[in-house]
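One structure below.
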Amino acid sequence: MATKKATKKKAAKKATAKRPVAKAKAPARKAKAPKPVKAKARPKPAATAAKTAAPSGQTMAQTRAERRRSFPEALRLRDFSVAMTVDDLQRSINHYVDGLGFTIKDRWERDGKLLGVMLVAGACEIGLSQDDWAKGRNRAKGIGVSFFAETGQSLDLIAALATERGIAVEGPKLAPWGDRVVEIKDPDGYKLTIYWPK
């Protein structure tokens with residue numbers, strides 16, 4: 001019996017000795033993420049490129065703002081001038097310059113004779129030209145014509161100075177739309193309304 005047990009123990013030791021020893025596994029390496037492939041920019045057609053490019057002197061923001069406006073675009077002006085034909089140029093100059101306080105910006109003469117002037121008051125300009133009577137001497141002027149000019153000055157002072165200088169003035173008064181106004185008609189019937197916005 002002892003011999004059988006010894007033999008079994010020897011056989012078990014041999015079997016254990018012959019078993020391969022499991023090696024420790026190395027930690028698995030993380031697979032590298034593939035690099036993103038850059039998409040090649042497609043060349044824009046000439047027409048598209050022309051639309052997206054900002055015009056000379058404009059930023060892209062300004063160009064986008066322009067595109068947002070409806071088409072056809074509303075008219076946008078930076079200044080405004082009027083020109084009037086008058087019966088007596090010197091009388092009209094006296095009215096606007098001596099009476100209301102306009103100044104003469106330009107003069108037009110021919111053969112030493114004054115034909116017209118450009119008057120200015122702040123940002124407003126009025127052109128006066130002597131009628132050449134080509135359409136007759138009885139031609140009515142100023143009928144149904146009114147000009148409106150905004151001011152930041154005292155309407156009471158404007159009216160007082162004009163009256164003192166012999167100009168007929170209506171107001172200051174409240175206009176139907178709510179602004180305070182002074183109304184003045186020139187020698188040819190053109191009506192100038194100077195207003196202080198409400």
Practice item. Write down the atom of Ser92, the atom of Leu128, and the distance for their closest heavy-atom approach. Key: CB-CD1, 3.8 Å
Review point. With Lys105, which residues qualify under side chain to side chain contact (heavy atoms under 4.5 Å, CB included), at least two apart?
Key: Met118, Val120, Glu125
Practice item. Considering non-hydrogen atoms only, spot the tightest contact between Ala159 and Pro172 and give its length. Key: CB-CD, 3.9 Å
Check your understanding: What residues form a side-chain hydrogen bond (donor to acceptor under 3.5 Å, both in side chains) with Gln153, not counting sequence neighbours?
Key -> none
Check your understanding: Transitively linked via ILVMFWY side-chain contacts under 4.5 Å: Tyr190 with Phe80?
Key -> yes
Practice item. Working to the nearest 0.5 Å, report the span between CD1 of Ile143 and NZ of Lys191. Key: 14.0 Å
Check your understanding: Going through the checks in order, is the side-chain contact (heavy atoms from CB on, under 4.5 Å) test met by Val117 and Asp106?
Key -> CA-CA 6 Å; Val117 292; Asp106 287 312; over 6 Å; no
Revision key, fill the gap. The salt bridge (Lys or Arg N to Asp or Glu O under 4.0 Å) partners of Glu170 (sequence neighbours excluded) come to Lys173
**Study point:** Glu183 CD to Leu192 CG distance, which is reported to the nearest 0.5 Å
**Key:** 9.5 Å
Point to revise | Heavy-atom pair with the smallest gap, counting every atom of Arg165 and Gly101 | key: NH1-N, 4.3 Å
Check your understanding: Can you hop from Ile184 to Leu174 via hydrophobic side chains spaced under 4.5 Å?
Key -> no
Check your understanding: So, for Ile194 and Leu155, which heavy atoms are closest and what is the spacing to 0.1 Å?
Key -> O-CD2, 3.8 Å
Point to revise | Check against side-chain contact (heavy atoms from CB on, under 4.5 Å), Phe147 and Thr193 | key: CA-CA 6 Å; Phe147 306 109; Thr193 299; over 6 Å; no
**Study point:** Side-chain cluster (under 4.5 Å, hydrophobic types only) that Leu157 belongs to, other residues
**Key:** Leu161
Review point. To the nearest 0.5 Å, what is the distance between CG (Leu119) and CZ (Arg107)?
Key: 10.0 Å
**Study point:** Cluster overlap Met84 with Leu115, hydrophobic side-chain contacts below 4.5 Å
**Key:** no
**Study point:** Contacts of Arg139 that satisfy salt bridge (Lys or Arg N to Asp or Glu O under 4.0 Å) - sequence neighbours left out
**Key:** Asp131
Practice item. Could you state whether Val86 and Leu114 fall into the same hydrophobic cluster, counting links through intermediate Ile, Leu, Val, Met, Phe, Trp or Tyr residues with side-chain heavy atoms under 4.5 angstrom apart? Key: yes
**Study point:** For Asp156, side-chain hydrogen bond (donor to acceptor under 3.5 Å, both in side chains) partners two or more places apart
**Key:** Arg180
Check your understanding: Tell me the ring-ring contact (aromatic ring centres under 6.0 Å, His included) pairs involving residues 104-139, sequence neighbours left out?
Key -> none
Check your understanding: Who are the ring pair (Phe, Tyr, Trp, His ring centres under 6.0 Å) partners of Phe102, not counting sequence neighbours?
Key -> Tyr96
Point to revise | Residues in salt bridge (Lys or Arg N to Asp or Glu O under 4.0 Å) contact with Asp87, at least two apart in sequence or another chain | key: Lys141
Exercise for review: Taking side chain to side chain contact (heavy atoms under 4.5 Å, CB included) as the test, write out the residues that go with Ala168, two or more places apart.
Suggested key: none
Exercise for review: Check Leu100 against Ala162 and note the closest heavy-atom contact, atom names and distance.
Suggested key: CD2-CB, 4.0 Å
Exercise for review: Would you confirm whether Asp186, through its side chain, and Asp188, through its main-chain N or O, come within 3.5 Å as a donor-acceptor pair?
Suggested key: yes
Exercise for review: Just jot down the salt bridge (Lys or Arg N to Asp or Glu O under 4.0 Å) partners of Glu164, sequence neighbours excluded, or say none.
Suggested key: none
Check your understanding: Under the 4.5 Å side-chain heavy-atom rule for ILVMFWY, direct or indirect, which residues accompany Phe148?
Key -> Trp177, Val181, Tyr195
